[in-house]
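The structure appears below as structure tokens.
When a residue number appears, it is its place in the shown sequence, counting from 1.
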Amino acid sequence: MTPAVVPITPSHHAFGQVAALFDDYRAHYGRPSSPQLTRDWLHRQLAQHQMTITAAIQAGHACGFITSTVMPASLMLGTAWSIRDLYIAPQHRRRGIARTLLQHVIDDAGAAGAYRVSLQTEAGNTPALTLYTAVGFQPVNGLALLSLTLPPGNHQDPQDTL
């Protein structure tokens, strides 16, 4: 059975399930589980249109999600889409759900006239890299990914917003 691919909003009946899955995703990457903070953060991101989230729903249960953002493509005077997160619950992996979610975002970006879709993952994440290259994503040569972590006083502590 192929899951339904559904855009999620804070008012969607599956929002709570997706938020719980998002908390599992964070825990998968070593962050402490914090269901309420995760739910509140995700609600804010969606309500403020900072990101979109699409879920795979099967038999009434969220089994995976993908998040994306739209960014200016300044030199092209257009937009580019960035996939930020992709997670499939362990018991639903290896069934094509991640590929379906990726293709959904790619199709939406194309329909919106975006110039490209990009994503990033850890260099050692072989399963993800295998999937991404199979779908058509290619490494970007000649660019370096740089990051600057700001001091704690400069970012919003999720607990301060409750």
Side-chain angles (χ1 to χ4, degrees), residues 1-8 12 14-15 17-35 37-39 41-42 44-46 49-59 61-76 78-150 155 158:
M1 173 182 226
T2 303
V5 175
V6 180
I8 299 297
H12 192 280
F15 175 78
Q17 291 180 32
V18 173
L21 198 57
F22 202 94
D23 192 58
D24 292 345
Y25 163 71
R26 293 181 66 251
H28 174 79
Y29 282 101
R31 304 303 302 174
S33 177
S34 185
L37 287 177
T38 298
R39 182 184 177 98
W41 180 87
L42 191 58
R44 276 193 311 280
Q45 295 301 305
L46 295 174
H49 305 288
Q50 298 289 324
M51 69 187 316
T52 60
I53 189 164
T54 302
I57 309 289
Q58 191 168 40
H61 297 286
C63 54
F65 68 83
I66 192 168
T67 68
S68 59
T69 60
V70 177
M71 304 172 300
S74 304
L75 297 178
M76 301 301 291
T79 61
W81 287 36
S82 176
I83 294 171
R84 303 301 306 154
D85 310 285
L86 174 60
Y87 183 73
I88 308 302
Q91 67 272 25
H92 295 283
R93 293 181 184 161
R94 310 308 252 162
R95 297 181 186 172
I97 296 169
R99 182 183 293 265
T100 298
L101 288 170
L102 278 169
Q103 194 60 56
H104 177 80
V105 170
I106 292 166
D107 291 347
D108 280 0
Y115 283 95
R116 72 179 167 274
V117 177
S118 60
L119 53 80
Q120 67 186 48
T121 193
E122 292 79 16
N125 190 345
T126 302
L129 289 168
T130 300
L131 171 64
Y132 299 151
T133 56
V135 170
F137 287 90
Q138 297 297 314
V140 179
N141 296 318
L143 295 180
L145 175 62
L146 306 169
S147 181
L148 172 66
T149 301
L150 299 175
H155 61 81

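Between L46 and M51, some side-chain heavy-atom pair lies under the 4.5 Å cut-off. Counting heavy atoms from C-beta on, the side chains of Y132 and L119 come closer than 4.5 Å. The closest side-chain heavy-atom distance from P3 to I97 is below 4.5 Å. Side chains of F137 and L131 form no contact here, defined as non-hydrogen atoms less than 4.5 Å apart. The shortest distance between side-chain heavy atoms of F15 and L42 falls below 4.5 Å. Side-chain contact between W41 and R26 is absent, with no heavy atoms from C-beta onward closer than 4.5 Å. At a threshold of 4.5 Å between non-hydrogen side-chain atoms, the residues Y25 and R31 do not count as touching.
Surrounding CZ of R116 are at most 12 heavy atoms belonging to other residues, nucleotides or ligands under 6.0 Å away. Residue L75 places its CG atom among 12 or fewer non-hydrogen atoms of other residues, nucleotides or ligands, all under 6.0 Å distant.
The one candidate from I53, T52, T54 that meets the side-chain contact (heavy atoms from CB on, under 4.5 Å) condition with I66 is T54.
Summarising the geometry, atom CD belonging to Q17 is positioned 9.5 Å from atom NE2 belonging to H12; distances are rounded to the nearest 0.5 Å. Rounded to the nearest 0.5 angstrom, D85 CG and T67 OG1 are separated by 3.5 Å. In this structure, CG on L102 lies 10.5 Å from OG on S68, to the nearest 0.5 angstrom. Atoms CH2 and OG1, from W81 and T69 in turn, are 9.5 Å apart once rounded to the nearest 0.5 Å. Here H61 contributes atom NE2 and H92 contributes atom NE2; the two are 8.5 Å apart, rounded to the nearest 0.5 Å. Between the CD atom of Q91 and the SG atom of C63 there is a distance of 8.5 Å, given to the nearest 0.5 Å.
Looking only at atom types and distance, the side chain of H104 has a donor-acceptor partner in the side chain of D108 under 3.5 Å away.
Closest approach of A123 to L129, counting heavy atoms only: O-CD1, 3.2 Å. Between A55 and V18, the shortest heavy-atom distance links the atoms CB-CG2, 3.7 Å. In plain terms, the two heavy atoms of A62 and L21 that are nearest each other are O-CD2, 4.0 Å. In this structure, T121 and N125 approach most closely via the heavy-atom pair OG1-ND2, 3.3 Å. Listed here is the closest heavy atom pair of T38 and D23: OG1-OD1, 2.8 Å.
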For side-chain contact (heavy atoms from CB on, under 4.5 Å), just list the numbers for L101 and I88, CA-CA rounded to whole Å, side-chain angles, deciding distance to a tenth of an Å, and then say yes or no.
CA-CA 10 Å; L101 288 170; I88 308 302; 3.8 Å; yes

